[in-house]
Amino acid sequence: MSEEFTEWLRGSDDERLRALVAARPELITPVPAHLESLAQRACSPSALARALDRLDRFSLAVLETLTVAPEPLPVAALTAALHHATGGDPAAAVRAAVDRLLTLGLVYG
């Protein structure tokens with residue numbers, strides 16, 4: 001488990017935590033005793049697999065690109081890297097995918 005992820009959760013506001021557990025309700029059944037337990041549960045292979053199953057193809061491509069890219073990767077660079085996979089407004093599509101990944105806790109920071 002990433003200590004950075006735990007610290008990100010600790011620094012998240014109530015709205016972000018509410019969105020996380022709304023998007024991934026399995027993380028709070030049973031209710032974790034503290035944020036470290038929530039982070040550990042969110043990073044477990046089975047919980048990650050469930051979260052990945054919720055992604056559409058484009059969001060998965062964004063996640064894969066972020067995984068192999070040097071950090072931090074600006075949205076403009078991410079949009080340029082994925083220009084072939086976007087339709088319509090590429091910047092809006094990338095922003096929506098990144099927002100979805102943040103909500104699911106698959107990317108953070």
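Rounding to the nearest 0.5 angstrom, the gap separating the CD atom in E15 from the CG atom in L20 is 12.0 Å. Distance check: L73 CG to T65 OG1 gives 8.0 Å after rounding to the nearest 0.5 Å.
In terms of heavy-atom proximity, V75 sits nearest to R95 at CG2-NH1, 3.4 Å.
Here the side chain of S44 pairs a donor or acceptor atom with the backbone of R41 at under 3.5 angstrom. Side chain of R100 to main chain of S59: no donor-acceptor pair is present (N/O by atom type, distance under 3.5 Å, no hydrogens or angles).
Contact of the T6 side chain with the L38 side chain is not registered, since no non-hydrogen atoms from C-beta on lie closer than 4.5 Å. Using a 4.5 Å heavy-atom threshold, the side chains of L60 and D56 count as separate. A heavy-atom distance below 4.5 Å is not found between the side chains of L106 and L66. Under the 4.5 Å side-chain criterion, counting only non-hydrogen atoms from C-beta, L104 is in contact with L55.
Pairs of residues two or more places apart, or lying in two chains, never qualify as salt bridge (charged side-chain N to carboxylate O under 4.0 Å, His left out) while including a residue from residues 73-84. Evaluation of the ring pair (Phe, Tyr, Trp, His ring centres under 6.0 Å) test over residues 89-109, restricted to residues two or more places apart or in two chains, returns F5-Y108, W8-Y108.
More than 12 heavy atoms of other shown residues, nucleotides or ligands fall within 6.0 angstrom of atom CD in E26.
Applying the side-chain hydrogen bond (donor to acceptor under 3.5 Å, both in side chains) test to T103 and every residue at least two apart in sequence or in another chain returns nothing.
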